[in-house]
There are 2 protein chains.
Amino acid sequence: MTDRTTPTLASIAARVGVSVNTVSRALRAPNTVRPELRQKIRAAMDELNYVPNRLAGGLSGTRSDVVGVIVTSLHHSEFASLVDTLQAELLAQDLQVMLANTRYDPDEEVRLVRAVLSWRPAAIAIVGIDHPPKAVELLKAAGVPVVEMWDVDGPVIDTAVGIDHRAIGRAQGQHLVERGYRRLAFLGSLRDNDSRAHKRLAGVEEATSAAGLGHVVRRTEPLPGNPDLGERLLGELIERQSDVDAVVCNSDVIAYGVLRGLRRLGRDVPGDVGVIGFGDSEASSCLTPALTTVRPDREAIGRLAAAAILSRIDGGGPEIRRADWRLMTRETTARQSRIPLAMAAAIPADPLGKG
Amino acid sequence: MTDRTTPTLASIAARVGVSVNTVSRALRAPNTVRPELRQKIRAAMDELNYVPNRLAGGLSGTRSDVVGVIVTSLHHSEFASLVDTLQAELLAQDLQVMLANTRYDPDEEVRLVRAVLSWRPAAIAIVGIDHPPKAVELLKAAGVPVVEMWDVDGPVIDTAVGIDHRAIGRAQGQHLVERGYRRLAFLGSLRDNDSRAHKRLAGVEEATSAAGLGHVVRRTEPLPGNPDLGERLLGELIERQSDVDAVVCNSDVIAYGVLRGLRRLGRDVPGDVGVIGFGDSEASSCLTPALTTVRPDREAIGRLAAAAILSRIDGGGPEIRRADWRLMTRETTARQSRIPLAMAAAIPADPLGKG
DNA sequence: TTGAAAGCGGTACCAG
DNA sequence: CTGGTACCGCTTTCAA
């Protein structure tokens, strides 16, 4: 701290009495510098607490060491673990994560894509495959590898890693039907631009109509999902459709509120009403009754996404990869079946998510 | 896409027929450029999908527009919402978040501090006040504003925003004592370098010893917290100390597993055993029995941290701010008290966290 | 209102 | 093995 300015390669060079160039090589290609000199340079750097300037490095060199990660939400741990995994795997390759959160706002998404691109990232990982046209245009024009995550079904920009949401919806619906539930409802946080949730909903409807059941009643709002919202939506649902006997929740946290609400209303779960969630949050297996839900292989998505990013940076070609998911059958749907198995068998499903 | 190279200010300038710096000014100081020209420049940028290069901008200009955010974990939504809030508030000021996750590894922390500093951030926000000496040295040498989050009690680098963990521990212990619990245990994920958890534990012990009770039995592991770990630790605890009648869990997810385990063991909660958590995760109010826990004002921490960052960037001085927290009294500790109130009153506590 | 030119801190290609 | 020297793309005086 004797010097008020941040040390640069030049200050190190001056201190050691060599050229800037040599110092740079001492970092980038150590074996092209005499060990003794290298040692002195290292010492000087340590002493001055030198930290390389990546702005300069990135501007000059060819490669930048950032990867932009754009998610739609962080609050409800939906994507927190994804970001966590990505960060860890990329860091192992000395890649820094620049994080952005659109909060499901398309305008914000365009803005963030631009902001992230302005750092000239080596790649961009982004949640979803439904983006505002301008965002897609920017992404394509930038010529950066883009890895879309969580959804893979539909037009993809470049590379995608995700799960088959429609198949998940089918499995949810089919499971309820098999367990004898007949009047299904879909509840939760749902945004117009959350095509993943819409695909799951479509899957549920596919299953019910295949079973010859009526429409799936829905009660949704474009607000962040949490138990209070779940309980409120349940209340509103029951008020105008009191004969519903199964609720598909768009997320586990919504389901938590739904279960709390049903308890307060004195409805028995799974006897009177069945409940199924999506996500398999940590608490789900600890509730009483324990929540039946769908567990996407989050870790796999993170790992595959990281691998895809690295591969693309490394010159590999675009690809589409699906991760697995599992129906976690627990107590909230543990009702005795009332329909013949033959009928249930007629319902299409794809439990392995292999498309 | 007629041009294979990314557009630069120069390409825009060439296209419009002006100098580079006119284009630059059109962005940075629009009113110093003739509206008509400005219009043409805008059009060219739009057409070419121009995205400014912040590496160049940051290198040249004085201010950088990144804020480094260093957390210890993301998985269990412990800090996810914090990051979420920070990101949103900073973005409003056109500041980008560069995220790093130490996973409670001190070596990693040093490495990440260095990595983040290499982007010459306008400020750094970091979880905790206990950092490896080298990290502190780097941070101080860099002369960047540093905002430490979640903990404020102890030596601080610069500015800090957090809650009083010791007071929280005292309140947890006192609450259990008041409810008549006598043999307390502390369970959960606990790392040596997680001084926040250690402070809460110390607070619990302070409360029990003030009440004249014996030592708090502890059963911890330096692993990520989750329900399975909670249930396992509970099992191990009961095995060698079966008379424990209250469990302080280091996080709500641990408590979920503890409750599940107690249920399986046939112990009544809150009758036989009381359970209290920390964090007030979303599911906590939906469990049966609902979990008594402590809710830190997460949103306030995020907001205050963002405000502190902005203020420091803007030339404001260092400061220390405490956020509030609340004991959420629910069912898992709803046992009738067995001790005279006078005694309970003797236990120090500071429920408002004002230090 | 606009343009020319000097950096910002590195990297990379040369020559020595 | 080491040093000289053009840039990288943008910001910022200083003139015009």
Side-chain angles (χ1 to χ4, degrees), chain A residues 3-42 44-45 48-66 94 114-115 117-122 142, chain B residues 3 5-41 44-45 48-66 94 114-115 117-122 142:
Chain A
D3 201 338
R4 265 285 24 103
T5 59
T6 330
T8 66
L9 271 194
S11 29
I12 307 290
R15 201 161 213 277
V16 180
V18 292
S19 78
V20 182
N21 204 313
T22 305
V23 181
S24 175
R25 265 181 299 109
L27 283 171
R28 206 146 319 287
N31 35 352
T32 68
V33 175
R34 186 156 34 91
E36 189 190 317
L37 233 190
R38 206 194 307 163
Q39 202 45 48
K40 277 168 113 177
I41 292 176
R42 282 231 156 287
M45 287 182 167
L48 297 180
N49 279 319
Y50 172 73
V51 175
N53 185 334
R54 293 228 196 185
L55 299 176
L59 180 58
S60 167
T62 357
R63 74 175 173 304
S64 90
D65 305 325
V66 223
D94 264 304
R114 209 188 287 274
L117 283 176
S118 75
W119 291 97
R120 298 297 183 262
Chain B
D3 201 339
T5 59
T6 330
T8 67
L9 272 195
S11 30
I12 306 291
R15 202 160 213 276
V16 180
V18 293
S19 80
V20 182
N21 91 38
T22 301
V23 182
S24 175
R25 267 181 297 109
L27 283 171
R28 208 145 314 289
N31 34 354
T32 70
V33 175
R34 188 157 32 92
E36 188 190 317
L37 234 188
R38 204 194 306 161
Q39 202 45 48
K40 277 169 113 175
I41 292 175
M45 287 182 168
L48 297 179
N49 279 319
Y50 171 73
V51 175
N53 183 334
R54 293 228 196 187
L55 299 175
L59 181 58
S60 168
T62 1
R63 76 179 172 302
S64 90
D65 304 327
V66 223
D94 264 304
R114 208 187 288 275
L117 282 176
S118 75
W119 291 97
R120 297 298 183 263

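Heavy-atom basis, side chains included; hydrogens, waters and symmetry copies ignored. So you know, we letter chains A, B, ... as the sequences are listed, proteins then strands, and number each from 1.
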Would you say [X] places a side-chain N or O within less than 4.0 Å of OP1 or OP2 belonging to [N]?
X: Ser60(B); N: dT11(D); value: no
X: Ser19(A); N: dT2(D); value: no
X: Tyr50(B); N: dC10(D); value: yes

[X] [atom1] to [N] [atom2], straight-line distance once rounded to whole Å:
X: Leu59(B); N: dC7(D); atom1: CG; atom2: P; answer: 17 Å
X: Arg28(B); N: dC10(D); atom1: CZ; atom2: P; answer: 10 Å
X: Asn21(B); N: dG9(D); atom1: CG; atom2: P; answer: 17 Å
X: Leu27(B); N: dT11(D); atom1: CG; atom2: P; answer: 7 Å

Sugar-phosphate only, base, or nothing, as touched by Thr8(A) at under 4.0 Å among non-hydrogen atoms: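 The residue Thr8(A) makes sugar-phosphate contact but no base contact.
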
Sugar-phosphate only, base, or nothing, as touched by Leu55(B) at under 4.0 Å among non-hydrogen atoms: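 No contact at all - Leu55(B) keeps every heavy atom at 4.0 Å or more from the nucleic acid.
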
Contact nearer the 5' end of DNA chain C, comparing Ala10(A) with Gly17(B):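 Nearest-nucleotide comparison on DNA chain C picks Gly17(B).
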
Nearest-nucleotide comparison on DNA chain C, the residue closer to the 5′ end among Leu9(A) and Arg25(A):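 In this pair, the answer is Leu9(A).
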
Gap separating the CG atom of Asp65(B) from the CH2 atom of Trp119(B), nearest 0.5 angstrom: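 That separation rounds to 13.0 Å.
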
Pairwise distance CD1(Ile41(A)) to CZ(Arg25(A)) - rounded to 0.5 angstrom: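 These two atoms lie 8.5 Å from each other.
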
Boundaries of the chain A footprint along DNA chain C (any atom under 4.0 Å from a heavy atom):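 So the outermost contacting nucleotides come out as dG9(C) to dC13(C).
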
Is the backbone N or O of [Y] less than 3.5 Å from a side-chain atom of [X], with the two atoms forming a donor-acceptor pair by type?
X: Ser11(B); Y: Thr8(B); answer: yes
X: Asn53(B); Y: Ala56(B); answer: yes
X: Arg120(B); Y: Ser64(B); answer: no

For the student: nearest non-hydrogen atoms of Pro7(A) and Asn49(A), plus distance: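 Heavy atoms only, the tightest pair is CG-O, 4.1 Å.
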
Audit row: Tyr50(B), Leu27(B), side-chain contact (heavy atoms from CB on, under 4.5 Å) steps and yes/no: CA-CA 12 Å; Tyr50(B) 171 73; Leu27(B) 283 171; 4.1 Å; yes

